[in-house]
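Every heavy atom of this structure was used, including side-chain atoms; hydrogens, water molecules and symmetry mates were not. Predicted, not measured: the structure shown is a model, and the values here were computed from it.
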Number of protein chains: 4
Amino acid sequence: MPRRLTARGQRRQREILDFAARRFAAQGYHPTSVADLVDGLGVGKGVFYWYFDSKEELFRQILAEAQRDLRRAQRQAIADEPDPVRRIEQGIRASVAWLDANRHLSALLELARTEERFAPLVHQGEDQAAADALPHVKAGMAAGLIRRADPLVVAHGILGVTERLARKIVLEGGRPAEEAADGAVSFVLDGILSPAAANRRTVREAG
Amino acid sequence: MPRRLTARGQRRQREILDFAARRFAAQGYHPTSVADLVDGLGVGKGVFYWYFDSKEELFRQILAEAQRDLRRAQRQAIADEPDPVRRIEQGIRASVAWLDANRHLSALLELARTEERFAPLVHQGEDQAAADALPHVKAGMAAGLIRRADPLVVAHGILGVTERLARKIVLEGGRPAEEAADGAVSFVLDGILSPAAANRRTVREAG
Amino acid sequence: MPRRLTARGQRRQREILDFAARRFAAQGYHPTSVADLVDGLGVGKGVFYWYFDSKEELFRQILAEAQRDLRRAQRQAIADEPDPVRRIEQGIRASVAWLDANRHLSALLELARTEERFAPLVHQGEDQAAADALPHVKAGMAAGLIRRADPLVVAHGILGVTERLARKIVLEGGRPAEEAADGAVSFVLDGILSPAAANRRTVREAG
Amino acid sequence: MPRRLTARGQRRQREILDFAARRFAAQGYHPTSVADLVDGLGVGKGVFYWYFDSKEELFRQILAEAQRDLRRAQRQAIADEPDPVRRIEQGIRASVAWLDANRHLSALLELARTEERFAPLVHQGEDQAAADALPHVKAGMAAGLIRRADPLVVAHGILGVTERLARKIVLEGGRPAEEAADGAVSFVLDGILSPAAANRRTVREAG
DNA sequence: AATGAATGAGCATTCATTCAT
DNA sequence: TATGAATGAATGCTCATTCAT
């Protein structure tokens with residue numbers, strides 16, 4: 001399976017990966033047959049099994065690539081930002097942008113979560129994403145910028161808002177990514193209470 | 001297909017619905033065959049097709065029931081609460097509790113979202129949930145309790161946090177539902193900034 | 001797989017077993033496809049998998065039945081014979097007769113021996129056959145009727161001659177079973193030396 | 001297809017023949033794919049089809065070589081022995097020794113017998129082996145050393161005992177070749193009866 | 001209402017062979 | 001000579017659905 005591939009072979013493999021990612025995203029894992037893939041690419045069935053051990057293995061590979069790529073995008077967006085809150089904000093924006101720019105991969109990540117065989121991989125990826133956000137959350141708390149709470153809960157909350165808004169507003173709603181990103185940032189940082197109500201709540205808690 | 005059923009028939013049908021819901025949730029829609037279901041129930045194939053037109057129809061029915069039930073739980077929790085913010089809080093708590101108490105149906109809702117045929121139903125359900133939350137958000141804004149923002153974005157944000165924390169903390173993390181509910185309420189109402197940082201941010205925006 | 005079968009079902013299963021045994025014997029295990037079988041029987045593919053878990057399992061079942069049947073034939077032939085040498089003779093005759101009457105199963109037994117998955121079963125069967133012959137050989141030795149030698153070697157020798165002659169003379173040669181049986185009995189009991197030469201050899205060994 | 005090969009080419013061809021013989025013997029004809037062979041040898045598919053027209057042709061060639069080699073071994077063992085009974089004995093010993101020394105080819109001969117396409121070749125080979133033994137049997141009878149009986153039956157009997165004991169005692173049993181050879185010689189020459197019983201039987205038949 | 005039996009299109013995968021380089 | 005790439009028919013097996021009883 002770890003084959004030595006010529007340049008031509010590598011191009012073919014990529015072609016299959018990309019085409020399959022789109023098909024899987026559009027139709028689901030099971031409804032997409034290997035025949036669909038090779039017919040769609042106009043090649044013989046053997047080609048598929050020359051490059052991949054199995055349909056499952058192909059999917060796994062697509063999934064891993066997508067997760068790697070999303071993570072890279074997040075890291076790059078944060079790279080040189082000293083302020084932990086701004087790092088979080090930029091992470092949110094980068095995530096929404098990536099989910100928008102790679103709609104089929106967004107769908108794929110969701111898809112994979114519902115398939116017994118792949119679910120653990122997605123869970124790991126999500127937990128990794130939360131773990132990646134964790135240091136920024138903690139740094140923000142240490143600096144007195146972020147309210148003290150279980151930082152892991154906070155991290156998951158951030159991711160939950162971000163992904164839901166990206167999905168509903170951008171992917172399903174067809175509106176620009178900025179709108180979702182702004183909404184998510186604002187929701188995450190401020191919560192939903194008005195300043196007045198928030199103050200009352202804070203006072204009550206502190207009392 | 002809408003058959004008039006005897007009492008015994010209704011019991012049978014319910015038995016199938018419940019068993020199938022658990023199997024679908026555990027294994028997925030495609031990997032669960034009709035044979036699995038009837039074998040698991042110890043009945044012949046004919047029984048299945050006596051009560052349901054098709055596997056797809058069965059799934060649709062389970063899905064609709066689950067959505068109906070979740071919505072009912074949310075409405076009941078809110079019923080007599082005059083304060084819109086508290087209505088939101090109680091909606092969050094009721095959702096987490098339901099997702100915890102009906103784990104297999106939670107899984108099913110996610111599952112259905114990734115299957116082309118059922119996705120529209122789930123999207124409708126989610127949009128319905130947001131629409132259900134909308135009046136409370138708007139009422140909160142009108143009363144000056146909730147920060148002014150696109151109320152639909154806010155509603156989706158609430159649902160995003162709630163579901164993500166319910167999933168990660170309760171379903172995957174195995175911790176008590178209260179923990180997730182508290183985390184979600186706090187995250188939703190307050191956001192993540194510390195009061196000081198929040199004040200600075202508010203002032204700056206207002207300026 | 002252990003299904004409760006109606007009378008009709010049992011007839012079907014037997015039909016498949018018999019047809020398959022003949023096809024396997026004629027063409028070999030691998031060259032006989034499940035499609036061959038169901039097409040030959042004029043039924044749909046599902047029928048096959050209703051009655052058998054797999055092609056391999058079907059073959060195993062045929063094999064086990066054949067071995068059981070051959071063994072039963074041998075035991076019946078010997079049943080009431082008090083003289084151990086005559087028991088051996090009758091065992092030889094019964095084996096040749098069975099191999100002749102069940103040519104396809106003879107071929108199947110040979111076939112199975114060359115297929116990694118089934119070889120152990122055939123080896124066991126052959127060893128069982130030798131073990132079945134063993135008591136008679138030993139009884140013959142105890143009674144002074146059979147020359148003293150490793151009784152297991154003797155048993156395998158008997159089986160070797162019997163099967164080879166049955167195969168070459170009857171199955172491949174197309175001559176009557178009696179001819180092979182007579183030849184085998186005579187070969188086994190007397191060896192090939194003339195009485196004179198045998199005596200000389202005996203004397204020499206004894207000296 | 002009969003290519004003129006360079007020295008290097010001949011080495012390659014031999015390498016393939018030897019490797020393939022072992023693989024076929026270990027796994028069977030059908031379960032051994034051309035891909036198995038070329039992967040095992042670390043060469044490309046083209047190499048295979050440069051030296052052999054097809055997998056079938058390769059197998060045929062291996063088979064013919066094995067039969068030729070076994071026959072040569074038998075002839076050499078007998079070469080200068082004037083006594084026909086001793087020629088037979090030495091033929092038996094040489095056969096057992098060859099089957100032991102070329103275990104994979106022994107397996108291959110058996111294997112080939114069960115594959116429709118190759119069975120005739122094996123049958124021919126076996127008949128040839130019997131035909132090879134025939135003159136010695138006849139000579140023995142003419143000299144009064146071997147009991148009068150159908151010489152072809154006798155020849156097949158000899159081969160039957162020899163191969164069965166070689167297989168059971170040496171190949172499957174893992175015991176030394178001499179043990180099988182001694183057992184076979186003794187069985188073939190003397191049969192199984194004790195001298196006393198043999199005499200009674202001879203007298204009765206003669207009477 | 002219910003069962004066991006049957007259908008046949010469809011699926012993932014294999015494999016002998018050929019081709020382009 | 002040799003390689004990696006490609007072909008496509010064939011294989012074992014599954015499964016939603018229907019049928020006969």
Side-chain angles (χ1 to χ4, degrees), chain A residues 3-13 30-39 42-58, chain B residues 3 5-6 8-9 12 30-38 42-58, chain C residues 3-13 30-38 41-58, chain D residues 3 5-6 8-9 12 30-38 42-58:
Chain A
R3 255 182 227 290
R4 225 175 307 141
L5 295 177
T6 63
R8 178 171 165 229
Q10 286 181 345
R11 252 178 289 127
R12 243 302 190 259
Q13 195 182 31
H30 290 286
T32 300
S33 69
V34 174
D36 280 350
L37 299 179
V38 296
D39 289 355
V43 299
K45 242 177 219 178
V47 167
F48 182 90
Y49 288 94
W50 179 259
Y51 293 102
F52 301 95
D53 277 351
S54 66
K55 181 180 154 182
E56 177 171 345
E57 189 47 40
L58 164 70
Chain B
R3 259 185 225 292
L5 297 174
T6 66
R8 174 160 158 253
R12 255 291 148 78
H30 290 286
T32 300
S33 68
V34 174
D36 279 349
L37 299 179
V38 297
V43 300
K45 283 235 176 86
V47 170
F48 182 89
Y49 285 94
W50 180 259
Y51 292 103
F52 301 96
D53 277 349
S54 67
K55 182 180 155 183
E56 178 171 344
E57 186 48 38
L58 163 70
Chain C
R3 256 184 225 291
R4 225 175 307 139
L5 295 177
T6 63
R8 179 174 166 224
Q10 287 182 343
R11 253 178 289 127
R12 233 327 174 243
Q13 193 181 32
H30 290 286
T32 301
S33 69
V34 173
D36 280 349
L37 299 179
V38 296
L41 287 165
V43 300
K45 238 179 224 179
V47 167
F48 182 89
Y49 288 94
W50 179 259
Y51 293 102
F52 301 96
D53 277 350
S54 66
K55 181 179 153 183
E56 176 170 344
E57 189 48 39
L58 163 69
Chain D
R3 262 184 223 288
L5 297 174
T6 65
R8 174 160 157 253
R12 254 293 149 79
H30 290 286
T32 301
S33 69
V34 173
D36 278 350
L37 299 179
V38 297
V43 300
K45 283 236 177 87
V47 169
F48 182 89
Y49 285 95
W50 179 260
Y51 292 104
F52 301 96
D53 278 349
S54 67
K55 182 180 155 183
E56 177 171 344
E57 185 49 38
L58 163 70

* Asked: Nearest to the side chain of D:Arg12, which nucleotide is it out of F:dA2, F:dT7, F:dT11?
  -> F:dA2

* Let me have DNA chain F in dot-bracket notation, would you? Count Watson-Crick plus G-U wobble pairs, both distances under 3.5 Å, and use [ ] for pairs crossing earlier ones and | for inter-strand partners. => .||||||||||||||||||||

* Asked: Does A:Lys45 use its side chain to pair, donor to acceptor, with the backbone of A:Val34 at less than 3.5 Å?
  -> no

* Structure fact -> Rounded to whole Å, the CG-C1' distance (C:Leu37 to F:dT11) equals 12 Å

* Return the value, rounded to whole Å, for the distance between atom CH2 of C:Trp50 and atom P of F:dC13. => 18 Å

* Structure fact -> Of F:dG8, F:dA2, E:dA1, the nucleotide closest to the side chain of A:Lys45 is F:dG8

* To do: Compare the minimum distances between each of E:dA6, E:dT3, E:dT7 and the side chain of C:Tyr51, then state the nucleotide with the smallest one.
  => E:dA6

* If we only count heavy atoms from C-beta on, is the A:Arg12 to A:Val43 side-chain gap below 4.5 Å? -> yes

* Structure fact -> Closest to the 5' end of DNA chain F, once A:Gly44 and C:Val34 are matched to their nearest nucleotides, is A:Gly44

* With sugar-phosphate meaning primed atoms plus P, OP1 and OP2, does D:Gly46 contact a base, only sugar-phosphate, or nothing at under 4.0 Å between heavy atoms? -> base

* 5′-ward residue of the pair B:His30/A:Gly42 relative to DNA chain F -> A:Gly42

* For E:dA1, take OP1 and OP2 only and decide whether either is under 4.0 Å from a side-chain N or O of B:Thr6. => yes

* Structure fact -> The answer to which of A:Pro31 and C:Val47 contacts DNA chain E further toward the 5' end, by nearest nucleotide, is C:Val47

* To do: List the atom of D:His30, the atom of C:Pro31, and the distance in Å for their closest heavy-atom pair.
  => NE2-CG, 3.4 Å

* Structure fact -> C:Leu58 CG to F:dC13 C1', in whole Å, measures 14 Å

* To do: To the nearest Å, give me how far apart CZ (A:Phe48) and C1' (F:dA5) are.
  => 16 Å

* Asked: Rounding to a whole Å, what distance do you find between D:Glu57:CD and E:dT17:C1'?
  -> 15 Å

* Asked: Want to settle it: does D:Asp36 or A:Thr32 sit nearer the 5' end of DNA chain E, counting the closest nucleotide to each?
  -> A:Thr32

* Would you indicate which nucleotide in E:dA16, F:dT3, E:dA6 comes nearest to any side-chain atom of D:Val43? => F:dT3

* Asked: Can you tell me how far C1' of F:dT7 sits from OH of A:Tyr49, to the nearest Å?
  -> 15 Å

* To do: To the nearest Å, give me how far apart CZ (A:Arg4) and P (F:dA5) are.
  => 10 Å

* Who are the ring-ring contact (aromatic ring centres under 6.0 Å, His included) partners of C:Phe52, not counting sequence neighbours? -> C:Phe48

* Asked: Can you tell me how far P of F:dC13 sits from CG of C:Asp53, to the nearest Å?
  -> 9 Å

* **Close side-chain approach of C:Leu37 to C:Leu58, heavy-atom, < 4.5 Å** => yes

* Among E:dA16, F:dT1, F:dA6, find the nucleotide with the atom closest to the side chain of D:Arg8. => F:dT1

